[in-house]
Every structure is written in structure tokens, then in C-alpha cells.
Amino acid sequence: MISETQKWKVGQRASPQKLSSSKGLFRVGKGFALGSILPIILLIAWEIAARVGLLAPHLLPAPSIILEKIISMYRDGSLFGHVSITLTRVLLGFAIGTAAAVVIGAIVGYAKTAEQVLDPLFQAFRSIPSLAWVPLFILWMGIGEPSKISLIAVGVFFPVYLNIVAGIQGVDRKLIEVGRIYQLTPFQLTKRIILPAALPSFITGMRSGLGLGWMFVVAAELMGASEGLGYLLVVGQNTYSPDTVIASILLFAILGKGTDALLKWIEYRSLKWQDSINNQA
Amino acid sequence: MISETQKWKVGQRASPQKLSSSKGLFRVGKGFALGSILPIILLIAWEIAARVGLLAPHLLPAPSIILEKIISMYRDGSLFGHVSITLTRVLLGFAIGTAAAVVIGAIVGYAKTAEQVLDPLFQAFRSIPSLAWVPLFILWMGIGEPSKISLIAVGVFFPVYLNIVAGIQGVDRKLIEVGRIYQLTPFQLTKRIILPAALPSFITGMRSGLGLGWMFVVAAELMGASEGLGYLLVVGQNTYSPDTVIASILLFAILGKGTDALLKWIEYRSLKWQDSINNQA
Amino acid sequence: SSSAKEGEKPEKIRLDYAFYSPTSLALKKFGWAEETFKKEGIEVEWIQSQGSNKALEFLNSDSVDFGSTAGAAALIAKDKGAPIESVYIYSQPEWTALVAKDGSPIKDVKDLKGKKVAATFGTDPHIFLLRALADAGLSAKDVQIVNLQHADGANALLKGQVDAWAGLDPHMARTEVESGAQYIYRNPDFNTYGTLNVRSEFAKNHPEQVEQVIELYEKARKWTLENPEEAAKLLSEEAGIKEDVAKKQLERNNFSEPVPGSQHEKAISAAGEVLQTEEIVKKDTDIKKLVSELINPKYAEKVIKK
Amino acid sequence: MLNVKRLKRMFNNNQAGFHNINFSVDKGEIIGILGTSGCGKSTLLRVLSGLDPYYEGNISSSDEANNGVGMMFQEPRLLPWLSVRKNISFGLKKEERTSTKYQTYLDLVGLTGFENHYPKDLSGGMAQRTAIARALITEPEVLLLDEPFSALDAFTKMQLQDLLLSIWQKKKTTMLLVTHDIDEALYLCDRILILKGQPGEVFAEVQVERSKPRTRGDAYLSQQKAHILNLLNVEQKAAGELK
Amino acid sequence: MLNVKRLKRMFNNNQAGFHNINFSVDKGEIIGILGTSGCGKSTLLRVLSGLDPYYEGNISSSDEANNGVGMMFQEPRLLPWLSVRKNISFGLKKEERTSTKYQTYLDLVGLTGFENHYPKDLSGGMAQRTAIARALITEPEVLLLDEPFSALDAFTKMQLQDLLLSIWQKKKTTMLLVTHDIDEALYLCDRILILKGQPGEVFAEVQVERSKPRTRGDAYLSQQKAHILNLLNVEQKAAGELK
Ligand SMILES: Nc1ncnc2c1ncn2[C@@H]1O[C@H](COP(=O)(O)OP(=O)(O)OP(=O)(O)O)[C@@H](O)[C@H]1O
Ligand SMILES: Nc1ncnc2c1ncn2[C@@H]1O[C@H](COP(=O)(O)OP(=O)(O)OP(=O)(O)O)[C@@H](O)[C@H]1O
Ligand SMILES: [Mg+2]
Ligand SMILES: [Mg+2]
């Protein structure tokens with residue numbers, strides 16, 4: 001198939017496209033609408049399947065029942081408690097994990113020796129499952145908030161670290177040389193050239209890390225929590241209430257998507273300079 | 001601090017560096033040695049702490065005891081069974097997850113509408129913890145191998161997907177235009193320009209995904225496994241045998257590092273063209 | 001708190017509560033512990049245990065002073081060196097049994113030969129299954145035991161993934177109530193009691209406080225016995241389960257023998273032997289000795305005689 | 001062959017780009033485009049090649065270019081993961097890509113021996129020559145060239161100008177050549193469009209009435225050069241000196 | 001000020017790079033470097049600037065360059081995440097970076113009004129001019145320039161050549177200027193090194209004995225140009241024509 005616009009023949013050239021002036025809100029709205037199609041279809045199909053009896057209610061209750069559950073949690077005030085405590089834990093853990101990953105990742109990405117000494121250990125730790133960390137963290141830090149937040153930070157750390165190291169090691173030598181010409185110290189070089197150049201990769205890492213933060217929260221809340229979405233999930237499983245389990249999964253999905261949308265927006269804002277397909281005039 | 005080589009003054013210029021001719025094996029050996037320092041120090045410190053009595057043996061047994069445990073598992077042949085079945089599951093799940101992520105990621109990264117329709121759903125699913133998937137997978141696919149491998153594939157999918165989409169959306173417009181000039185079809189364009197250009201990000205995603213694959217194996221092996229490292233970990237926790245638990249963690253770390261090293265080697269081999277600090281002549 | 005010296009009062013007492021220990025829920029709900037210890041200037045902290053394994057983890061890592069577990073779980077941990085002792089029996093629960101799906105051809109333990117049975121390794125249902133099999137002249141090798149978490153086991157049973165399930169409450173009560181699952185085999189004596197454990201170090205340093213806690217548990221036990229309706233309601237509210245399920249669960253709890261005694265030792269020893277054949281408890285362990293080290297009736301005897 | 005009417009493409013609030021461009025190109029013609037930096041020459045080529053659809057006005061072409069349009073960008077735009085050989089062969093059909101067809105063009109641009117280098121190991125001029133080879137190897141009927149020889153020394157530049165001419169003699173390729181080198185434009189082109197302003201407009205059109213190949217530094221060409229320098233606003237003095 | 005002896009930097013088995021380079025530079029001199037594409041000019045600048053430490057031979061310098069060495073690379077190498085303004089100010093001290101010092105140089109290179117553009121929205125010549133401004137703004141005592149005006153039209157090029165000269169007159173900046181434009185080298189340089197071969201060697205050195213500022217197209221310069229074209233192996237014919 002030959003692209004139409006490539007031929008020099010009357011009538012085959014695509015007629016000129018006008019730059020749509022109705023950008024902004026309208027486009028955001030359209031994106032949102034498109035993004036909602038699939039989830040809504042899935043929910044409807046699920047509801048119908050449940051009503052018709054394809055899904056046994058004690059295994060997979062209908063969305064309407066889940067919604068009722070969530071509303072009842074909202075009414076008795078426990079919803080806010082679960083959500084806010086989990087959100088706080090994830091955000092704190094995310095902040096700490098990201099900060100650690102930036103510092104260590106910058107050192108490892110920049111200094112060959114640091115990489116050789118530190119990287120193998122981190123790569124080995126990276127594949128240790130969250131559940132395996134739980135007893136170790138209880139041992140080291142007890143069952144208070146610090147150990148919960150640290151565990152989440154560990155989960156966040158690895159993808160951010162990995163992406164930042166890869167990002168730094170992929171920075172164009174040509175740009176680094178510009179910094180060297182201006183006699184930047186390694187710290188300045190990192191701050192003024194390497195990190196901005198590695199930013200796209202860094203943000204991807206943050207998004208990946210945030211996802212892991214949400215996952216690690218369950219393990220974290222196995223450490224003596226009495227509130228939170230992860231707690232809710234485990235209690236739901238332990239008390240055999242699929243509506244609680246699925247309500248908590250749904251809340252995980254919604255909060256995860258929400259926090260990710262925030263990062264995506266930051267990505268969009270801070271990568272406007274990229275000469276990529278997305279940033280066409 | 002002004003970099004020495006930047007000044008034009010007698011004696012201050014760094015003397016010319018010879019390209020070391022003794023590359024290859026020697027350098028690999030050196031890297032390996034450097035990378036072993038930290039783990040060895042940690043192991044020794046741990047052994048001493050255990051011997052001196054700083055660590056209670058029912059909580060954190062000495063490395064020598066863990067080693068004994070692993071050797072005894074090796075002797076009775078169960079080690080090979082656990083390792084090989086888990087490795088197989090992870091690799092199969094990894095292959096499936098990566099393949100799915102490449103196909104979907106390429107479509108989403110390239111077509112704006114596909115992104116708007118599909119991406120929000122994936123981003124929402126991304127933060128659902130592995131443990132939460134377990135009952136759903138049992139419901140959908142039962143407790144056989146397919147459901148275990150699918151669960152691992154789900155874990156692998158998300159970071160690969162995220163990185164591939166980000167990689168594609170960050171591809172330099174200038175290079176894409178080269179493909180457009182040669183009238184490449186969208187498929188050719190993706191294959192010949194976009195994917196190679198997004199390769200660094202893709203490989204990072206694969207490495208991140210592999211790590212998650214190792215993590216999801218625990219959840220997967222909660223689904224009726226009778227062998228495997230995740231099974232070993234959970235049974236060890238249920239039977240309060242810290243030596244089993246820590247042996248399995250150690251095996252996770254070693255296997256995780258091993259498989260990652262493979263990907264890192266592929267990364268090194270396939271990114272030789274990158275004009276980055278690592279690829280200096 | 002825990003580092004306080006012998007004879008001195010602790011600054012803080014950390015108690016656990018759990019949905020599988022209804023008395024602990026009552027105790028927490030009414031704030032009796034806070035009342036008692038406030039007078040002495042001791043703080044009380046409540047920590048929730050999601051299961052015996054978590055309670056033991058907390059005990060081991062000095063995160064709680066008292067933890068509620070199944071007797072067998074405490075035994076396994078003790079075998080691995082956990083410094084704990086069981087000082088009180090909060091109930092004799094019949095929380096586990098063998099369950100099959102409604103209409104299943106399996107009616108008897110003997111029918112399980114060659115079939116798939118779901119159980120969570122190392123937990124009471126697993127021990128129960130092994131003992132039931134041994135009782136019927138079968139061994140673990142005659143069936144295929146599928147290791148699934150309790151909730152997943154219930155699901156797998158209902159989806160027909162396994163033929164039988166060594167169930168645990170409240171999952172079991174719920175499958176019974178909601179999907180008419182059938183019992184293949186029940187035997188309250190094969191359940192290993194719910195034991196309240198204390199860290200040995202705490203018991204040694206603060207024997208008085210151990211007695212006080214037992215006293216409080218006694219108060220809660222009596223309340224539960226006298227108010228079964230309200231206890232069921234409390235359980236259903238706290239754990240978020242339906243009231244009829246909670247009632248069923250409570251009915252299966254026998255709160256009559258709070259002082260650890262010979263019948264408890266016997267039941268736990270029997271569990272220990274099965275565990276030993278499965279190599280979950282070390283082969284060279286002297287079960288009798290281990291059980292007597294674990295069970296310490298001294299405090300309860302003193303309190304309850306009084 | 002190509003007819004452009006009232007073509008317009010503007011950026012940020014009509015402050016940059018070009019507008020009001022009208023011209024036509026016959027088959028086999030070589031058109032030069034001269035103009036101050038930033039007046040819209042590269043943008044014009046992008047619009048003509050079809051890469052930029054956001055234009056206004058009319059582009060009509062009567063003949064179909066079977067081999068498509070060849071374009072050489074202002075930067076080399078080599079694919080960094082392909083060796084010189086594979087970069088040169090990039091536009092070829094699948095079968096030809098593995099053949100040795102690249103060898104001819106590799107030699108013509110003077111890169112013999114460098115076929116296995118990656119772009120990062122090339123000098124500026126070598127990268128540009130690789131891009132030239134890539135644009136020529138598909139033998140397109142229309143060639144859009146954006147300052148193709150800007151990074152080359154005088155000697156190499158003359159060689160490649162002659163290469164371009166010899167290709168034109170063989171295939172009668174239609175070419176649009178953006179350049180800053182007036183001598184080059186006069187040596188190669190039949191007609192020269194001079195753009196000026198920001199946004200750019202066609203300011204003048206210079207006909208070069210000498211058949212190709214021409215002699216470099218011919219008196220007529222020198223005279224035209226002075227004329228063009230004049231048009232480009234270079235002060236009389238400098239223009240005079242350069243002649 | 002700078003003394004270079006038996007300098008050598010080779011790539012892949014001594015097939016590319018340069019070797020056996022000897023020359024010295026006095027303070028305030030402007031040295032031109034001419035040479036065929038790929039003969040090692042850019043590599044030479046990289047070695048002299050200290051970016052490439054893998055050389056052999058001897059580089060000694062007697063004077064300290066306080067403001068360091070300014071370098072303009074062959075490509076613009078703008079930082080894509082910085083606007084034109086911030087790119088120009090990149091080399092300044094922290095305090096000055098937020099000042100309006102950039103404005104002077106922005107105006108001098110003719111980019112007034114484009115200070116907030118990102119590099120992706122610049123034309124080739126505009127990017128090059130931004131790079132020139134970035135190199136000049138720090139007022140270094142030594143300037144290494146790698147084909148600084150290659151993407152500019154004749155008019156803009158002359159303006160910027162004069163800008164360079166005026167800076168030299170004020171500060172007596174020592175400059176090494178790699179260029180392909182012989183006129184440019186003759187207009188600006190005190191001495192011209194001609195490199196040739198692959199790996200490159202100094203093939204000839206041409207002294208330009210005219211005080212600056214010179215008149216473009218001066219007879220002496222034309223004569224020197226013919227001489228250089230000759231040295232560069234451009235055939236007699238072409239050389240004659242170009243004169
Ligand atoms: N990193 C590298 N690895 C291998 N070869 C290299 C490398 N850098 C440069 N070269 C080779 O060194 C030679 C000189 O390159 P250099 O960039 O110095 O040329 P140049 O004189 O600046 O040419 P031009 O005028 O085309 O810019 C070239 O043949 C190039 O292929
Ligand atoms: N994507 C864009 N967004 C905004 N402005 C742009 C964009 N692309 C080009 N421009 C502007 O359009 C004008 C013309 O650019 P163009 O690249 O066509 O110039 P040119 O004539 O090729 O210049 P040069 O000789 O320097 O290469 C410039 O002022 C540039 O800033
Ligand atoms: Mg241009
Ligand atoms: Mg060069």
C-alpha cells in the first residue's frame with residue numbers, strides 16, 4: 001500500500017488538512033469518552049452475565065452488588081479510611097523509593113565502578129517477591145508504619161532504578177560532551193544534562209514503579225494493618241466475601257489509574273520539547 | 001571544580017590514555033569480581049552476626065545453614081524439580097507476556113485512537129496486585145499450568161507494554177519521516193524504524209517485566225502447585241521454617257540475577273550502535 | 001515495653017485480635033483491657049492477626065506480646081525454635097472439616113482415594129485431612145493434595161477443580177450456607193484448639209500481667225457464653241460476614257475448657273505425630289517433650305482456681 | 001509536471017514559515033531554491049514531499065512519479081542502528097536490500113571501506129555522503145534535496161555535483177535543490193527561486209540559460225552570481241569583491 | 001601558546017583518524033583547518049579540547065585559558081529540552097543564566113523573537129546560529145570552531161564572519177577554525193593548515209599575510225585561493241574556473 005500523500009498525481013494527494021482550532025477541552029473530553037468505552041462495555045457484559053446466572057454470585061458478584069458494597073462502605077465512613085491510609089502509604093513509599101532510585105541510579109548510571117559493585121546486588125534483589133520481603137521487614141522494622149512504607153518503597157525502587165540507569169546509559173554522548181566543554185562537575189553534568197536527557201525513561205520508570213507500589217501495598221498491609229485496601233483484600237479473602245475482594249480490586253484499579261493519569265500528565269507537560277510523533281504542530 | 005583536561009596549561013592536561021588492549025575476558029572477570037564484593041561482604045557479616053548470636057536462628061538462620069538446606073535439597077533431588085519448574089513457568093509466562101505487550105504496545109503506541117480506547121483500561125489493571133488476580137484466574141482458568149503461566153504473563157505484560165509505548169511515542173520524528181519518504185506501510189514503519197528506535201526502552205521493559213515475572217510466580221504457585229520456588233516459599237512460611245523461606249529467597253535472587261544477566265548481555269549486544277557513554281571507542 | 005526488666009511493669013502490652021478468636025473481639029470491643037491496665041499506667045495496643053502464621057510472625061519478631069493461634073501452628077513454630085508458650089485456650093473450635101460439593105458422589109473419607117483434595121499446607125485443615133485419612137486407613141499418598149489458600153480452596157471446590165476440600169471457617173460456614181456444600185467428615189477432636197500464646201520472655205518478666213490478661217480473657221469468654229446472639233452480631237460486624245454465617249461459626253466453638261490440660265496436650269501431640277510423618281515437624285523431635293514445653297497451664301490454673 | 005498555487009504554511013501565529021508561493025516545475029527540470037536562513041525552504045520541501053499535510057493552497061501534479069519522491073533532508077538522518085551499507089540500502093525493495101547494489105553508490109560517494117561502520121563512527125561529511133547515496137540508490141523520478149553538500153569540502157562537493165549531473169543526464173530526474181551555495185545553484189539549475197523574508201515569499205526567479213553540463217566560473221554565470229548576490233541584499237561592496 | 005607534537009589519534013586499525021600532526025598556535029592567532037571530508041579535522045578539535053583522551057603524542061600549552069575553551073561542534077548539539085534562550089545561556093554562571101545577557105547574542109546572530117522556541121522548531125541555520133551564540137556568550141579565550149557557518153546563506157554567513165572578527169578585535173581570542181569554505185578561511189585566518197589523506201596528515205601550511213580586517217575578494221586572497229585549490233587536488237580546470 002502506497003501512502004496517498006506520497007504520489008505526485010492529481011487527485012491522489014491528500015487535500016490539505018486544517019489545524020483544528022477546537023483543541024483543548026474538547027479533545028480531552030473526547031479522549032476521556034473513548035477511554036471509557038471499553039470499561040463500560042466490560043461492566044455491562046459482566047452485569048448481564050451475573051444477572052442471567054452465568055456467574056455464580058458467591059464467586060463473582062455483579063458490578064451492581066460491588067457498587068452497593070462500595071457505597072455502603074462510603075456511608076459508614078470506612079471507605080475514606082481505607083483509601084486515604086493506603087494512598088498515603090503508597091505516596092510516601094513512592095516518594096522515598098523514587099528519591100533513593102534517583103540518587104543511586106544516577107551514581108550507578110554515571111560511574112562504571114559503582115555499577116560494577118552495586119548493580120549485580122540490586123538486580124538480584126529485584127526478583128525477590130513482595131511476599132518474601134514481609135517476614136524480613138517485620139524482623140528488621142517491626143510492624144509499624146515505617147516498615148510498611150519501606151516495603152512499598154522497595155517495590156517502587158527497582159523499576160525506577162532500572163529505567164533511570166538505562167536512561168542515563170542511553171544519553172547521547174554528543175550532549176554530554178557539550179557539558180564537558182563547559183567544565184561541568186559530575187554533579188552539574190548529571191543535573192543539567194544527564195537527568196533531563198534521561199527524563200523520558202525516568203518518567204516511564206516512575207509510572208512502572210507507582211504500579212508496583214500499589215502491588216506491594218498488599219504485602220505491606222499484611223504487616224499488622226487494620227485498615228487499607230490491601231487489608232480489605234486480604235480480609236475479604238480470609239472471610240470469604242467476594243464482594244469485598246472485588247470492591248478492593250476495583251478501588252485498586254481506580255486509584256492506580258488516577259495516580260497514573262497524574263504522572264502521565266506530568267510526562268506530557270515535561271516532554272513537550274521531544275521531537276516525536278505526539279508533539280507535532 | 002574545573003576538570004583538569006579542560007585547561008590549557010602545561011602539566012594540567014591529563015596525559016594521554018592508552019586504549020587498554022587487555023579487554024575481553026579480563027574485563028569480564030574484573031566486573032564479576034567487583035560485583036561479588038558486596039554480596040560476599042553481606043554474607044560474611046550475616047554469618048558472623050548469626051554465629052555471635054545477634055540473630056536468633058529461628059528467625060534468620062546463618063548462611064551456612066541455608067547453604068546446607070540447599071545442598072540437602074540438591075542431594076535429594078528436589079532442588080532441580082523446584083528450580084526447573086519455576087524457571088519453565090517464568091520463561092513461558094515471560095515469552096507470552098512480552099509477545100502480547102509487543103503487539104498491543106506497538107498498536108497503542110502508533111495509533112492515537114487505539115491508545116485512547118485501550119490504554120486507560122491497561123493502566124487501571126496495572127496496579128492490581130498479584131494476589132488479587134489469584135482467585136480470578138482460578139475462576140477463569142482453573143488451577144492447572146495454563147492459569148499459572150497466564151498469571152505470570154500478566155505480570156510481565158505491564159512493564160513491557162508501558163516501556164514499549166513510551167519508547168514508541170518518544171521515537172524521533174525525523175527518523176519516522178525517513179520511513180514515510182520511502183512509503184513504508186504502517187507495519188513496515190513499525191518494524192523497520194519504530195521498533196528498532198524504541199529498542200533501548202523495550203529492553204528495559206523486558207528486564208523490568210522479567211523481574212515481575214519472578215514476583216508473580218509466588219502468586220501463580222499459590223494456585224495448586226506442588227513444586228516450585230514460590231511453593232517452597234509459601235510452604236516454608238506456613239510451616240515456620242525460616243531456612244526453607246530464606247533458601248527460596250536466595251534462589252529467587254540468584255535465578256533472577258542470572259536471567260537478568262542474559263537480558264543485559266542481549267542489551268549490550270544489540271545496542272552497540274548507540275552513541276552513548278558506554279560505547280566509547 | 002518488652003525490654004523492661006524482670007518484675008518491673010511493662011510500659012505497654014500488645015495484644016492481638018483475630019476473627020477466628022471471637023473472645024478477643026469481645027475483649028477489644030468492650031475496652032476491658034484498657035480499663036484494667038490504665039489503672040497501673042500500662043498502655044494497651046491491639047494488633048490484628050490475619051491468621052495463625054501472622055500471629056506467630058508477630059510473636060517471633062517481638063511485635064506482639066500475646067498472639068492467638070491454632071494449637072498445631074504454635075507447635076510447629078515451637079519446633080522451629082519460636083520462644084513462645086501457650087497459656088490459655090480461648091476455645092475448642094470445630095473450624096475445619098472435609099467438604100464436598102453439593103451432590104458429589106463422595107460420601108466418605110474412603111471415597112477420596114485417588115481424588116484431588118484442596119488444603120493449605122501446614123495449617124489445621126491440612127492436619128485434619130491427614131488425620132482423617134489415617135483414621136480411614138489411607139495415607140497422604142492415596143490422594144492428591146492440592147495446596148491452595150483457604151479461600152481459593154473453596155472456590156476451586158465450587159468450580160469443580162478439586163473433588164474435596166479441607167475447609168476452614170468462615171469459608172466453610174459460608175459454602176455450607178450459600179451453596180449447600182456437604183460434609184464428608186467432621187470430628188471436633190481432630191481440631192487442635194485455639195491457644196493464646198505469650199512470648200516466653202514476656203511471661204518470665206511479667207508473670208502478673210500474664211495472669212491479668214488471662215483474667216480479662218475469662219471475662220470475655222463468660223460474656224460470649226452468656227450472650228451468644230450478641231457475640232454473633234459482633235463477629236459479623238467486625239469481620240464483615242453475614243450474621244447467619246457468624247452464628248454457624250460460633251455454634252461450632254466450644255468455650256468450656258479454658259485451662260490448658262491433658263486433653264489439649266493429647267490432641268496437640270496427635271497432630272504433632274501426623275506432622276512428623278509428613279516431615280513438617282523435625283524427625284528427631286520428641287513430641288511429648290515439645291508439647292509439654294509449649295503448654296504452660298500454670299497461669300491459667302492460678303487465675304481460674306481463684 | 002508540478003504546479004503550486006498560493007501555497008502557504010505558517011507557524012506560530014504567522015510569524016514563520018512561508019506564504020504566497022507560486023511556481024511550476026517541468027519534467028526533467030532542476031530548480032534551485034535560495035534564500036535566507038529560516039525563510040521556509042525546508043518547510044517547502046516537506047510540504048511538497050507530502051510529509052507536512054497542514055498547508056493551505058494548491059499543489060497539483062500531472063505525472064505520476066512511480067518510484068516515488070526521493071528526499072534528502074537537511075540533516076543526514078541516518079538510522080543509528082544500521083551500518084552504512086544498510087542505511088544506503090534502506091529504501092530498496094526487500095530482495096535488493098541484501099544484494100550488492102549498494103556497492104556502486106558507496107563507491108560513487110567515496111565511502112569504500114566504510115560499509116560496516118555505524119553512523120556514530122562517521123564524520124559529518126561522511127554521514128552526509130551516506131545520506132546522498134541513500135537518496136540516489138532508489139533512482140526516484142523526483143528528487144528533493146535540502147542542502148545536500150553543505151558539509152563537504154570543495155573537492156568532494158564538485159565531484160558529487162558532477163555525480164548529480166550525470167544521473168540527471170541518464171534519467172532526466174526532476175530535482176528541487178535547496179542550497180546556500182550560489183555557484184552550486186548556477187552550475188546545476190535551470191531556474192533559481194529566491195525566497196526572502198520571514199515568513200518567506202518568492203522574491204525573484206532567475207533563469208539560467210546555459211545548457212548543462214556547464215563550465216564552472218563561466219562569465220555568464222559570474223554575472224548571474226553578482227545579480228543574485230544583489231538580490232540577496234548582500235551589500236554592493238561584498239558582492240563586488242566576491243565576483 | 002599551544003604546541004602540538006607528533007599528535008596521533010587513530011580509529012579501527014589505523015585506517016581512519018589522523019597522525020603525525022605538528023603545529024603551534026600563538027595567542028590571538030586564528031588558525032584555519034582545511035581538509036577533505038573524513039581526514040580527521042573534527043577529531044583533532046576533540047583531542048585539543050580535551051574531550052578525547054585517547055591520543056598519542058604531546059600537547060603542551062603555556063598559557064592558562066581562564067574562561068576555558070569554547071567549542072562549537074560540527075552539529076548544533078542544542079539541548080532539546082531547553083528553549084533557544086536557555087540554550088544560549090547554557091555555559092554561563094548560575095547568576096548570569098537568568099539575566100538578559102543572552103539578548104545581545106540572540107540579536108547578534110539574528111534570532112530576535114525566537115528566544116522561546118525549542119530546538120525542534122528551528123530551521124537548520126537557526127539551530128546553527130543558536131550554537132554560535134552559545135559558544136560566544138562565555139567569551140572564552142580559546143575558540144574551537146567546527147564548520148560554524150556551514151548551514152547559512154551567503155548573506156548571513158558574511159555577517160557572522162564579521163561578528164567573529166569584531167570579537168577577535170576586542171578580545172584577541174585565539175581561534176581554530178575548521179571550514180570547507182576557502183574564502184572564509186582566507187578572510188579570517190592568519191595561517192591555514194591543510195590536512196589530507198585518511199588517516200589525515202598536515203599536508204601544507206599557508207600563511208595569509210594580510211592584516212585583518214581584509215577586503216573580500218582581494219587579489220592576493222584570490223591568488224592564495226587558487227594555490228589552496230591546487231593543493232586540495234581540485235583539477236586545474238575547476239580551480240581556474242572558480243578563481
Ligand atoms: N568513534 C569513532 N570510531 C571509529 N571511527 C571514527 C570515530 N570517530 C571518527 N572516526 C573516523 O575518523 C575519521 C575522521 O573523522 P572526523 O570526524 O575527524 O573527520 P572530519 O575531518 O571532521 O570530516 P568532515 O569534514 O566530513 O566532518 C573518519 O574516517 C571517521 O570515520
Ligand atoms: N514545527 C515547527 N514549529 C514552529 N515553527 C517551525 C516549525 N518548523 C519550522 N518552523 C519555523 O519555520 C521557519 C522556516 O523553517 P525552515 O526549516 O523551513 O527554514 P529554512 O528556510 O530551511 O532555513 P535554513 O536555511 O536555516 O535551513 C523557521 O522560522 C522555523 O522556526
Ligand atoms: Mg532548512
Ligand atoms: Mg568533521
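- Comparing Gly142(A), Ala225(A), Pro242(A) by heavy-atom pairs within less than 4.5 Å of chain C, the highest count is held by Pro242(A).
- Under 4.0 Å is where a charged nitrogen must lie from a carboxylate oxygen, and between Glu267(A) and Arg207(A) at least one such pair does.
- Contacts of Tyr17(C) with chain A are made by side-chain atoms alone, with heavy-atom separations under 4.5 Å and no backbone atom involved.
- Heavy atoms closer than 4.5 Å to chain C are found nowhere in Thr244(A), neither backbone nor side chain.
- By the 4.0 Å N-to-carboxylate-O rule, Lys54(C) lies too far from Glu221(A) to be salt-bridged with it.
- Using a 4.5 Å cut-off between heavy atoms, Lys159(C) contacts chain A through its side chain alone, with no backbone atom that close.
- The only member of Glu176(C), Glu243(C), Glu94(C) that meets salt bridge (charged side-chain N to carboxylate O under 4.0 Å, His left out) when paired with Lys248(C) is Glu176(C).
- Relative ring orientation between Phe125(A) and Trp133(A) is described as perpendicular, the plane-to-plane angle rising above 60° on a 0-90° scale split at 30° and 60°.
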